[in-house]
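Here the structure comes first, spelled out in structure tokens, and everything after it is commentary.
To find a chain, count down the sequence lines: A is the first, B the second, and so on, and within it residues start at 1.
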Amino acid sequence: MFQYILRRLLLMIPTLVGVSFVMFMLLKLAPGSVESMKFAATASEGGSGDTGDVEAMVEKFRKKYLLDQPNWKQYLHYVGPFNLGPDGHEMWGGTGKDPWNGLLAMDLGNKFLDPSVRVIDELKERLWVTVPIALLSVILSYLLALPIGIYSGVRQGHPLEVTSTVMLFLLYAIPTFWGGLMLQMIFGKTGLDLLPVLGLHDKNADQMGGFAYFIDLLKHLILPILVYSYGSLAYLSRQMRVGVVDTITQDYIRTARAKGLSEKVVVLKHVLRNSMIPIITLLASILPILIGGSIIVEVVFDIPGMGRYAYEGLTYREMNVVMATTLFSAFMTIVGILLSDIMYAVVDPRIRYE
Amino acid sequence: MSEATKNEPPGLVPDEGQDDAAVYSKDYWDNVFEQVGRRPLVKFAIALLALLYATAVFAPLIANDRPYRIEAIDYKEYGDFNRNQLSFARGVLELVETTPEAFTAALAEDNKDRTYEDALRDEVAAFENSANGLRVYLPDDAEAPLGSIGNKLEAAVDAALAGDRAGALRVAGEAAKEAQEARDAFRVSKDSDGGLQLEAKTSWPVLESTTAIEIFFMWLWVLVLTWPLWNSIWNRIALKRDRERIRKARRKKLGLVLGSSAIVALFWAVLVGGQTAFHGAEYKTRITNGDIDLASASFAPITMGMSESHSSERFRPPTWIKNSALTDMGHYKFGPRVPEADQFGLLPPGQKVEVLHSEPDVNDASRFLLGTDNIGRDLFVRILYGGRISLMVGIVSTVLLVLIGVVMGALAGYFGGIVDILISRLIEIFQSIPAFFIILTAVAIIPEDKMPPIFAIVVVIALVRWTGVARLVRAEFLRLKDQEFVIAAQALGLSNRRVIFRHVLPNALGPVLVAAAFSIAAGILTESAVSFLGFGVKVPIPSWGSLLSEARGVAEYWWLQIFPGLLIFVTVFSYNIVGEGVRDALDPRRKV
């Protein structure tokens, strides 16, 4: 088992490098360079005359970030671990002031428009917002999906079951961004005026005491978490229902019933464990969906998390930001797949990894 | 959905082949069609989708600010033709006055290939064009001068090309003079009585602006919507309800539907292509202003254009709602937007609503069925046209991804070995790429002038999402490739291509059909999400997602947020129902 996990972890590296290559080339092939964006403001401020100055600045900027070099070299520079820039490793003709660089050295580069900001610092900061919300939503949807799925699998045809199944099917077809807009409309100032609809804190959050601050945060989190989890809730409970329906017709369930076990024991002990296999494997697809969904949820609710970071990166063509967020979500996808494989073995003792 | 069928007595289930069932065996697709037909919800969803696609295909006929048919005198167009005939006649004279050498010397650098003769002929052709435009309006007895000018211009050109400059100059001069006189004689304004009486011109603006592709889909959809009718007649009369013959006729029917659509479109392109409607497009304004003297016109049921703005009716709620009622001054009568009088008791100045020709009255319930947006465009019409983009994206991206997936999956499953290993690794890599991130990034950075965003979305979705179908097809091929009928086909010496596509693939298509239904829904969702974030379809063509994107931040104008999203929801929901239904129909074990 340990060996298996280790091998899978090592296999992640080439996949991530592959993803980074595809993304890097995709971004490189697109026009609309970051330097034109950065110096457009300077050029228009300068007004008359100083165009030569701006050109020199652009040249210096391009040299510093190797934008004047061929794409493959830029990519090697991005992946690292050697810094190929003017201040880079001696081996590559640099001064040796700053020899290490790039993805393999856990460096995601700096922002082009604000070179003092390291992308990895910002990403960490943003993840402290996104990951807790995403985790809370996953836990919430699993916690709700299990009982709903079991109930509707066991009580097939019951009016309540039919209603809940239809409701979940409807929920599943609601696009996230529209669901978010509708919740904002219903609970915001235009509707019931019950909950805040934008951001994570009130404007005067700094003056609040610890408890009031917490309550304020909680109020701001209700709608985003709702939007995050309703889709996966609908999906998971449907899968759980399928699992229960498949399990409940098995011979060993009939045996359990025949030997006089109470319905409670049959369901909780015999059905539950065996019907959980499908929704555990779904963890692999739920995690990346949540990370991808974070873009929409965070843009709709104006939350300064990773999704919004990716959105801003795309808007301003901040290449390092786009690369960092994509790589992170690829990483999460692979981790999700690995996690579900491991969980699979835990739930189903028939599966063994060598 | 299975509840309903379970309770239904067997006699009520329509089954056209019931009495023949013992004689003719059912094939795979017979069973699938029959199973799907037994589910009322699935049938309802399919009908709903057919209707949605019908509204998208026929959008220009349902809502258009151009008339279907108009019989009218367009004074502006007439005046332009009149001015142009003179200026082209003078153009010929000017060309004749310059020598060919001087003409060539004066040509611009990028236009060196143009010859003196071409210039002359073009000028005469332009004159004839204007003259023809005038002839439509002029009474027959007044057209004589145009013919004479035309003949003289031709003669002048022939003389100039033959080297007779003096003769050419004389004839061209006469023509220009006649053109001047004709211009003055033909000058008619709407208000002047007497003198020249113009004849009304009849044209078909909506049809003339319909492209051959639109006609293709319109004809196709007419056949699809009437399919239950003609199919049952065909089956009963021509095929005598013979199951074997019905089965064989399937391909013929499909070919007929597609082929006749293509032929109709081709005819359209040849017959109608290149015709021009009335000059300009703002018919309603110009009829209202009196620039067009209308004899008769017939308009579409909804006479609002897709990008036609009504500046005095910005953010107007749906007009069947009480809060949408306006006073004569353009003030709201009820609801939160009723203007308040200032300290002197004066109301802010209102903007009087302008009702154009053929439009419903200001407070008519049908004026704006779903309200208007920030510049007063009709939301209903925009949703109608937006559906064309949204629905198209789902279908086209799915067709592409199914093609890629089927080929890759078939290759991997049929050949196995190194091919299988390579393709499987490729699938694994693609599946660990976060699809939505990649699609968003690609659409955001592909330049609009290289590839329209809508096209980019379709292609990128297909390139990223083909893995699901490929895995399904591969699994089916692995299951089927050792079965007797495949081995028999191979033993007959058939080529690999024929075995794959004619023998194995038809039996592996069931799961693909299910996956396709879901992936159409996913494609529509993805496009709307990308457009919602502002990276997709750009104005002025709306899609449902970009309509929602425009509605962000104006929650008080609820209609802008509710209706486009509702349409996405209904479409996705219907596709999910269809996907589920087909899956249940294919898998007899799951009939729980």
Side-chain angles (χ1 to χ4, degrees), chain A residues 12 14-16 18-19 22-23 26-27 29-32 153 156-157 162 169-170 172-179 181-182 184-185 188-191 197 242 245-246 249 284-285 288-289 291-293 295-296 299-300 310-311 313-315 317 322 325-326 328-334 336-337, chain B residues 2-3 6 336 428-447 449-450 460 521 524-526 528-530 532-535 544-545 548-549 551-558 560-562 564-566 568-577 580 589-590 592:
Chain A
M12 277 163 66
T15 314
L16 280 177
V19 173
V22 170
M23 283 304 290
L26 195 64
L27 287 168
L29 292 177
Q156 281 175 59
V162 174
F169 204 76
L170 287 171
Y172 184 56
I174 297 180
T176 343
F177 50 92
W178 189 55
L181 286 180
M182 290 297 102
Q184 283 182 331
M185 187 190 283
K189 291 246 173 352
T190 43
V197 296
V242 172
V245 169
D246 279 350
T249 50
S285 48
I289 287 173
I291 297 294
I295 298 187
I296 288 169
V299 168
V300 169
Y311 175 74
L314 280 175
T315 318
R317 293 188 181 267
V322 178
T325 47
T326 313
F328 180 77
S329 53
F331 175 73
M332 288 305 287
T333 314
I334 303 169
I337 295 172
Chain B
S2 52
E3 287 340 299
K6 205 161 66 181
E428 257 171 45
I429 289 178
F430 265 92
Q431 287 197 323
S432 56
I433 295 178
F436 187 66
F437 258 78
I438 296 272
I439 293 170
L440 194 63
T441 310
V443 173
I445 64 173
I446 290 175
D449 50 331
K450 290 256 172 63
V460 177
I524 291 172
L525 276 178
T526 306
S528 54
V530 170
F532 175 77
L533 291 175
F535 295 117
W544 292 338
L548 276 177
S549 170
R552 260 169 69 196
V554 285
E556 63 266 43
Y557 308 125
W558 49 269
L560 291 176
Q561 293 197 345
I562 289 183
L566 205 61
I568 302 175
F569 165 70
V570 167
T571 313
V572 170
F573 182 68
S574 306
Y575 271 117
N576 284 348
I577 293 271
E580 287 278 318
R589 279 185 307 124
R590 282 179 50 129
V592 271

Worksheet item: Side chain of W178(A), backbone of G545(B): donor and acceptor closer than 3.5 Å?
Response: no

Chain A contact via [X] - which portion, at a heavy-atom distance below 4.5 Å:
X       : value
L566(B) : both
S528(B) : both
F535(B) : side chain
F569(B) : both

Worksheet item: Going through the checks in order, is the side-chain contact (heavy atoms from CB on, under 4.5 Å) test met by F573(B) and I174(A)?
Response: CA-CA 8 Å; F573(B) 182 68; I174(A) 297 180; over 6 Å; no

Item to complete: Evaluate side-chain contact (heavy atoms from CB on, under 4.5 Å) for F532(B) paired with V300(A), printing each intermediate quantity in order.
Response: CA-CA 10 Å; F532(B) 175 77; V300(A) 169; 3.6 Å; yes

Fill in: Heavy-atom pair of closest approach, residues F177(A) and L525(B)
CE2-O, 4.4 Å

Discussion item. Tell me the closest heavy-atom pair linking L181(A) and R552(B), and the distance in Å.
Written reply: CD2-CG, 4.1 Å

Could you state the interatomic distance from [atom1] ([X]) to [atom2] ([Y]), rounded to the nearest 0.5 Å?
X       : Y       : atom1 : atom2 : value
I577(B) : F169(A) : CD1   : CZ    : 4.5 Å
M182(A) : W558(B) : CE    : CH2   : 10.5 Å
L440(B) : I295(A) : CG    : CD1   : 5.0 Å

Discussion item. For chain A, which candidate among L533(B), V572(B), I568(B) shows the most heavy-atom pairs at distances under 4.5 Å?
Written reply: L533(B)

Worksheet item: P564(B), A529(B), A442(B), S574(B): which one forms the most heavy-atom pairs within less than 4.5 Å of chain A?
Response: A529(B)

Item to complete: Return the option, out of T333(A), V299(A), T326(A), L170(A), with the maximum number of heavy-atom pairs under 4.5 Å with chain B.
Response: L170(A)

Worksheet entry | Engaged part of A310(A) at the chain B interface, taking heavy atoms whose separation is under 4.5 Å | side chain

Practice prompt. Please flag which part of T325(A) lies under 4.5 Å from any non-hydrogen atom of chain B: side chain, backbone, both or neither.
Written response: both

